[in-house]
Amino acid sequence: MRNESFFNGLYWAASICKVCFLRMSAVLGHRSNGRFGLDADVGRKIANDPYADGAGAIPTGHSGPLQAQKITRLDQCLRYVSSWQNICGNVFREWTNMSFVEAIKTCLTRYFVFSGRAARSEYWWFVLFVVLVSIVLAIIDASLFGVNPETGESSQVFTPIFQLAVVVPMLAAGWRRLHDTGRPGWYLLLPAALSIATMFMLFSGIAAFSVLEQRADDPEALRGPAALLGVTGLMVVGVLQLILSVLMIWWLSRPSQEGTNEYGPPAA
């Protein structure tokens with residue numbers, strides 16, 4: 001599988017970098033002995049246990065700030081590479097938990113299932129499937145039904161039908177994905193709830209302005225403040241919608257909780 005090769009390559013690249021930094025740290029530690037007054041065990045300590053207390057720290061009372069700075073930077077690089085190695089390993093294991101085809105079958109089979117949990121591979125492979133099919137159907141619509149010369153937009157027939165058909169399984173898969181991270185599934189409805197509240201407030205504001213305009217002696221004096229208030233409100237709602245969207249993507253991309261949580265056992 002291509003996805004397995006990709007994440008496996010990232011994992012081994014991080015492993016190779018880690019080994020290189022270990023070697024360089026050990027070499028600098030040995031070379032510093034006698035010339036800069038540093039202990040030869042510094043490099044070996046970094047190589048053997050980079051996460052021990054004081055790993056890579058230069059003993060007090062010694063000279064050689066340049067060499068000490070090199071060892072400290074190598075220790076920091078080693079920590080970063082080790083972290084990326086762990087991240088790549090976790091992502092590799094979770095994303096290869098379910099293949100692209102298996103994710104599509106699972107999400108379509110569990111069409112109306114909002115209970116249980118879904119791993120990252122199950123959800124995001126299905127998202128990729130929906131995006132790819134939507135693009136292909138949009139091209140087919142443009143080829144078969146042409147483009148409206150007045151609006152410049154293609155007449156869509158198959159694309160909206162497909163998107164309507166996958167609304168429920170997409171919502172169910174996202175619901176289970178949030179369960180897998182230990183969060184309630186209804187969080188997925190927050191952006192939609194904000195949009196509905198915005199539309200309600202917009203129509204309410206228009207209705208209130210119409211009433212005030214009829215009763216005011218100078219309706220023109222109300223239009224400026226009303227327009228300013230409306231534009232400010234839309235800007236605030238737009239910022240909130242952007243924050244919610246980014247936060248939702250962050251939640252949906254979080255790792256699975258280990259073991260059984262309040263929503264059930266881990267996804268198979």
Side-chain angles (χ1 to χ4, degrees), residues 1-3 6 95 98-181 183-207 227 230-231 233-254 267:
M1 295 290 294
R2 292 184 177 180
N3 55 308
F6 174 73
W95 278 89
M98 184 174 292
S99 66
F100 181 71
V101 177
E102 290 174 345
I104 298 172
K105 292 180 179 179
T106 301
C107 290
L108 293 180
T109 302
R110 308 181 68 184
Y111 201 96
F112 295 102
V113 178
F114 288 81
S115 60
R117 299 166 60 174
R120 279 190 290 194
S121 56
E122 177 182 339
Y123 176 75
W124 287 108
W125 285 136
F126 189 67
V127 170
L128 179 61
F129 162 74
V130 172
V131 171
L132 293 178
V133 174
S134 298
I135 294 174
V136 172
L137 291 179
I139 296 174
I140 294 175
D141 284 337
S143 302
L144 294 179
F145 304 105
V147 179
N148 190 334
E150 296 181 358
T151 61
E153 298 180 355
S154 60
S155 301
Q156 297 185 347
V157 176
F158 297 116
T159 304
I161 294 175
F162 170 75
Q163 292 177 345
L164 184 62
V166 297
V167 166
V168 175
M170 276 286 296
L171 184 62
W175 206 280
R176 298 193 304 270
R177 177 82 269 273
L178 287 177
H179 284 176
D180 192 49
T181 64
R183 297 174 177 86
W186 62 264
Y187 282 6
L188 201 64
L189 302 177
L190 290 177
L194 179 61
S195 299
I196 295 174
T198 302
M199 295 299 296
F200 176 77
M201 293 175 62
L202 180 62
F203 287 122
S204 299
I206 293 175
V231 171
L234 290 177
M235 291 178 61
V236 171
V237 171
V239 172
L240 290 177
Q241 192 69 264
L242 178 61
I243 294 174
L244 274 179
S245 300
V246 173
L247 185 61
M248 196 60 57
I249 295 175
W250 172 259
W251 284 341
L252 291 170
S253 61
R254 292 302 83 209

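Because only heavy atoms are used, hydrogens play no part in the values below, and waters and symmetry mates are left out as well, while side chains stay in.
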Q: Could you check whether any side-chain N or O of W251 sits under 3.5 Å from a backbone N or O of R183, counting only pairs where one atom can act as donor and the other as acceptor?
A: no
Q: Side chain of R120, backbone of S253: donor and acceptor closer than 3.5 Å?
A: yes
Q: Is it the case that the side chain of H179 and the backbone of G116 share a donor-acceptor pair, with hydrogens and angles ignored and the cut-off at 3.5 Å?
A: yes
Q: Quick one: does F145's side chain get under 4.5 Å of I140's, heavy atoms only?
A: no
Q: Is there side-chain contact between W124 and F100, with at least one heavy-atom pair below 4.5 Å?
A: no
Q: Mind running side-chain contact (heavy atoms from CB on, under 4.5 Å) on I104 and W125 for me, showing each step along the way?
A: CA-CA 7 Å; I104 298 172; W125 285 136; 6.0 Å; no
Q: Ignoring hydrogens and angles, tell me if any N or O in the side chain of R177 forms a donor-acceptor pair with the backbone of R254 under 3.5 Å.
A: yes
Q: Using only atom types and a distance under 3.5 Å, with no angle test, would you say the side chain of T181 pairs donor to acceptor with the backbone of L178?
A: yes
Q: Just wondering, do L132 and V136 contact through their side chains at under 4.5 Å, heavy atoms?
A: no
Q: I want to check something: taking the side chain as every heavy atom from C-beta on, are S99 and E102 in contact at a cut-off of under 4.5 Å?
A: yes
Q: Are the side chain of R176 and the backbone of G185 linked by a donor-acceptor contact shorter than 3.5 Å?
A: no
Q: What pair of heavy atoms forms the shortest contact from F114 to L171, and how long is it?
A: CE2-CG, 3.8 Å
Q: Do M170 and V167 make a side-chain contact, defined as non-hydrogen atoms from C-beta onward lying under 4.5 Å apart?
A: no
Q: Are the side chain of D180 and the backbone N or O of R117 linked by a donor-acceptor pair below 3.5 Å?
A: no
Q: How about T106 and F126: do any of their side-chain heavy atoms sit closer than 4.5 Å?
A: no
Q: Measure the acute angle between the ring planes of F162 and F129, then classify it against the limits of 30° and 60° as parallel, tilted or perpendicular.
A: perpendicular
Q: Identify the two heavy atoms, one from A118 and one from A267, that lie closest to each other, and give their separation to 0.1 Å.
A: CA-CB, 4.1 Å
Q: Just verifying a value: how many Å separate I196 CD1 and L189 CG, rounded to the nearest 0.5 Å?
A: 8.5 Å
Q: With the side chain counted from C-beta on, respond yes when L252 and L188 share a heavy-atom pair under 4.5 Å apart, and no when they do not.
A: yes
Q: Less than 3.5 Å apart, which donor and acceptor atoms pair up between the side chains of residues 237-250 and the rest of the protein, not counting sequence neighbours?
A:
unit_1 : atom_1 : unit_2 : atom_2 : d
Q241   : NE2    : P191   : O      : 3.4
Q241   : NE2    : S195   : OG     : 2.9
S245   : OG     : Q241   : O      : 2.8

Q: If you take all heavy atoms of C107 and P169, which pair is closest and at what distance?
A: O-CB, 3.8 Å
